[in-house]
Amino acid sequence: MTTGAPPPLARKRSRARTLVPLGIVAWLVLEVWLLTLVAGAAGGLTVLALLVGAGVLGAAVVKRAGRRAFRTLTETLQQQQAGAAPDPDPGSPGNGFLMLGGLLLMLPGFTSDVVGLLLLVPPVRAAVGRYAERALDRRMRAAVHGSLGDAFQQARIHRPDGKVVQGEVIREDAPERSRRHDDEGPRPPLTR
């Protein structure tokens, strides 16, 4: 059955979908190489002790940041329930990056530990937060107003011409008189 619509064009693969898997593989290779290099120089037990210590430190950081985030959330909710305006500048800026630093410390490997330790330093965390905020602001300004990245087009049942698929809605909770025509038997298919 031919609809007369042109076949959908193959979408070009985004740069991120190509580079992110390559970056992850390069990161894993670097982590394994560093682990073997340090294990050869300092010994396997030293590497194991460093990895376990970093994991424990990371867990403590994530726990502390989680408690701080929960405390901030409860304070904000209590202020809203009391009718006061919530504080626009919370007392714990960069809490997400603090958690990210803890998670990176929990991952086995020295590169992730170095990045995690850097995110624990408040000036570095603030600088990364400012950079992320500016990058997000640029992206939001560049986005077309009213679109969610072709989400509406994707919701059209993959018809490239954008035609609406006709159908019929039958409500089970409708009164009996509106369901009378259902007893007449099957209906012919809808055509244009």
- Kindly determine whether Asn95 and Thr72 satisfy side chain to side chain contact (heavy atoms under 4.5 Å, CB included), including the steps that lead there. CA-CA 10 Å; Asn95 207 23; Thr72 304; 5.7 Å; no
- Task: Say whether, by atom type as modelled, one donor and one acceptor occur between the side chain of Arg125 and the main chain of Phe97 under 3.5 angstrom.
- Result: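 Here the side-chain-to-backbone pair does not exist.
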- Task: List the steps, then state whether side chain to side chain contact (heavy atoms under 4.5 Å, CB included) holds for Leu120 with Leu105.
- Result: CA-CA 10 Å; Leu120 295 184; Leu105 281 170; 3.7 Å; yes
May I ask whether [X] and [Y] are part of the same hydrophobic cluster, defined by side-chain heavy atoms of I, L, V, M, F, W, Y residues being less than 4.5 angstrom apart, directly or through others?
X	Y	answer
Val114	Leu30	no
Trp33	Leu28	no
Tyr131	Val115	no

- Considering non-hydrogen atoms only, spot the tightest contact between Pro21 and Ala16 and give its length.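 Scanning both residues, the minimum pair turns out to be CD-O, 4.0 Å.
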- Task: Looking only at non-hydrogen atoms, find the nearest pair between Ser112 and Leu107 and report the distance.
- Result: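 Result for this residue pair: OG-O, 3.5 Å.
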Contacts table for residues 41-62: side-chain donor-acceptor under 3.5 angstrom, sequence neighbours left out:
| unit_1 | atom_1 | unit_2 | atom_2 | d |
| --- | --- | --- | --- | --- |
| Thr46 | OG1 | Ala42 | O | 3.2 |

- Report yes if some heavy atom in the side chain of Asp137 is under 4.5 Å from a heavy atom in the side chain of Glu133; otherwise report no.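 Sidechains of Glu133 and Asp137: no contact.
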Distance, nearest 0.5 Å, that separates [atom1] of [X] from [atom2] of [Y]:
X	Y	atom1	atom2	result
Thr36	Leu34	OG1	CG	7.5 Å
Asp113	Leu118	CG	CG	11.0 Å
Leu119	Leu100	CG	CG	5.5 Å
Thr74	Gln81	OG1	CD	10.5 Å
Arg68	Arg71	CZ	CZ	7.0 Å

- Message: So, using side chain to side chain donor-acceptor pair (under 3.5 Å) as the criterion, who are the partners of Trp27 when residues are at least two apart?
- Response: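 With neighbours one apart ignored, the set is Glu31.
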